[in-house]
Amino acid sequence: MQQVLNLMNGVLIPAGCGETIDNISPATGQKIATIPRSNDSDVAVAVKVAKIAQPAWATLSIDERAEWLDKIADALESKIDEIAAAESEDTGKPISLARDVDAARSVSNFRFFANLLREKPKEIYEMKDATNIVVDKPIGIVGLITPWNLPLYLLSWKIAPAIAMGNCVIAKPSELTPMTAFLLSQILLEVGLPVGVVNILHGFGPEVGQAILEHPEIGAISFTGGTATGRHVAATSAPMFKKLSLEMGGKNSTIILADADVEKAVAGSVRAAFLNQGQVCLCGSRILIADEIYDEFANKFVAKVESFKIGDPMDEDTSFGSLISNAHRQKVEAYIDLAIKEGGTILTGGTRPNLQPPFDQGAFLGPTVISDLSPHSRCSTEEIFGPVVVLHRFTSEEEAIAIANNTEYGLAGSVWTEDIDNGIKVAEAIDSGMIWINTWLHRDLRVPFGGVKNSGVGREGGYRSFSFYSEAMNINYPK
Ligand code: NAP
């Protein structure tokens with residue numbers, strides 16, 4: 001049984017109160033670790049430690065800090081299989097996905113921000129009679145709060161730019177998925193990152209997470225998680241004028257226009273719907289299909305969904321793992337029951353698969369496709385965050401755009417068409433932070449990432465991350 005520990009002051013330690021929380025593998029229901037149940041006292045100590053470390057860290061040169069990020073990337077890369085195995089066991093996601101997406105991206109997050117820091121242009125604006133120099137000063141101590149669906153991927157996406165800009169961090173991973181944050185803690189000790197620069201505290205959101213939000217010396221909060229929690233994060237932090245970045249939920253549309261290449265659109269939209277068992281904020285969980293090709297698309301879509309191999313996440317051939325927990329599966333099942341009550345037709349899935357022990361105790365649920373619902377129904381407009389998609393027919397592009405915009409969310413989506421110019425026109429009409437055309441989840445780390453409406457506030461990615469994790473100051477002097 002592994003004992004996950006906090007990283008604080010350059011050592012791995014339990015919570016000050018000594019209490020722990022059980023960590024359960026969702027694919028088997030078995031306990032795999034205990035984690036510290038940290039609280040406000042641990043946050044208070046971490047802030048003291050970070051305050052001591054921050055001035056020296058901030059005075060390192062850009063090249064020195066970039067070198068630290070590269071060292072972390074190299075160390076993560078040398079443990080890619082270990083990271084993938086830990087992520088798969090902790091989340092229930094297929095090992096191939098954990099290796100190719102989660103582990104690989106954690107490495108590239110550190111490497112990308114190291115290179116971007118080296119390339120960061122100096123901002124100098126000359127006037128006739130004066131010069132302006134823009135200096136990006138670190139905020140000081142920043143709080144990072146992350147969810148369970150892409151644990152190390154999202155944690156590293158925040159830690160790398162935050163420390164690159166000279167901040168020290170206090171991070172709280174989801175208590176459901178602590179394992180790779182603990183691996184990262186061990187790696188940071190191995191590479192010898194200066195004490196106190198990164199502090200990782202485990203525990204419950206309303207306890208240790210809340211203490212991070214409330215601590216007056218934490219100057220910025222970068223939060224990724226659900227919209228309801230994000231609202232609470234904003235309500236708590238905004239009166240203290242903390243800088244806030246909120247990456248929240250989504251209900252993203254995949255729009256299949258009449259001229260789409262159906263084979264490509266089916267392959268792309270199945271991946272967009274069900275990657276990580278539909279537990280990606282960017283997943284296309286409502287599919288809007290032009291009337292002319294609806295039947296052909298729906299038949300091929302269902303056939304492809306039925307070809308998933310469901311089961312042991314550690315098996316290289318598995319393409320569909322378990323949900324994050326039994327509680328989450330029950331929430332998703334409640335939406336399926338609701339869909340049936342609202343007149344929906346289950347085209348495939350909707351039930352728990354029959355699996356051998358120990359996976360019969362896991363939180364598995366078959367990929368589910370539902371048709372015949374109103375686009376205004378709750379299943380079509382609320383975030384389910386699981387393996388459930390709804391199919392809708394449209395008769396004009398205007399109707400497709402209206403359906404796509406008919407949710408409280410505005411995170412992402414995709415448009416499938418053979419006419420790129422028209423695809424761009426449709427994309428621009430959607431209230432969303434990101435739209436892909438004929439692809440999905442193709443990411444250049446320099447581009448803005450984030451949502452509109454109830455999906456987010458602010459953008460991360462590339463220089464926008466650097467802007468968030470710093471305060472721009474202008475210095476003007478006469479010539
Ligand atoms: P969540 O319940 O909102 O939790 C997110 C994080 O907030 C967790 O670490 C959680 O800790 C913590 N938290 C909870 N209450 C808190 C409080 N009072 N103060 C401070 N922190 C608190 O979200 P989730 O269920 O883990 O993740 C799923 C959601 O994340 C979905 O809505 C998904 O769309 C969204 N998401 C968005 C993006 C994006 O980039 N837009 C990316 C990934 C996921 P506990 O785990 O202990 O509750």
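First listed ligand is number 1; within each ligand, the first listed atom is number 1.
Under a 4.0 Å heavy-atom criterion, Leu150 is not in contact with ligand 1. Residue contact annotation: Leu282 has no non-hydrogen atom under 4.0 Å from ligand 1.
A donor atom on one side chain and an acceptor atom on the other are found under 3.5 Å apart for Asn6 and Ser38. Donor-acceptor pairing under 3.5 Å is lacking for the side chains of Ser25 and Lys31. For the residue pair Asn115/Arg111, the side-chain donor-acceptor check at 3.5 Å is not satisfied.
At least one side-chain heavy atom of Glu460 sits under 4.5 Å from a side-chain heavy atom of Ser245.
Considering backbone and side-chain N/O atoms, Lys172 comes within less than 3.5 Å of an N/O atom of ligand 1. When only interatomic distances are considered, the shortest N/O to N/O separation between Thr224 and ligand 1 does not fall below 3.5 Å. Ligand 1 has a nitrogen or oxygen under 3.5 angstrom from a nitrogen or oxygen of Met248. Note: an N/O pair closer than 3.5 Å links Glu175 and ligand 1 by distance alone. Considering backbone and side-chain N/O atoms, Glu383 comes within less than 3.5 Å of an N/O atom of ligand 1.
For Lys309, the NZ atom sits in a packed shell: over 12 heavy atoms of surrounding residues, nucleotides or ligands are nearer than 6.0 Å.
Separation of the Phe110 and Trp68 ring centroids does not fall under the 6.0 Å cut-off.
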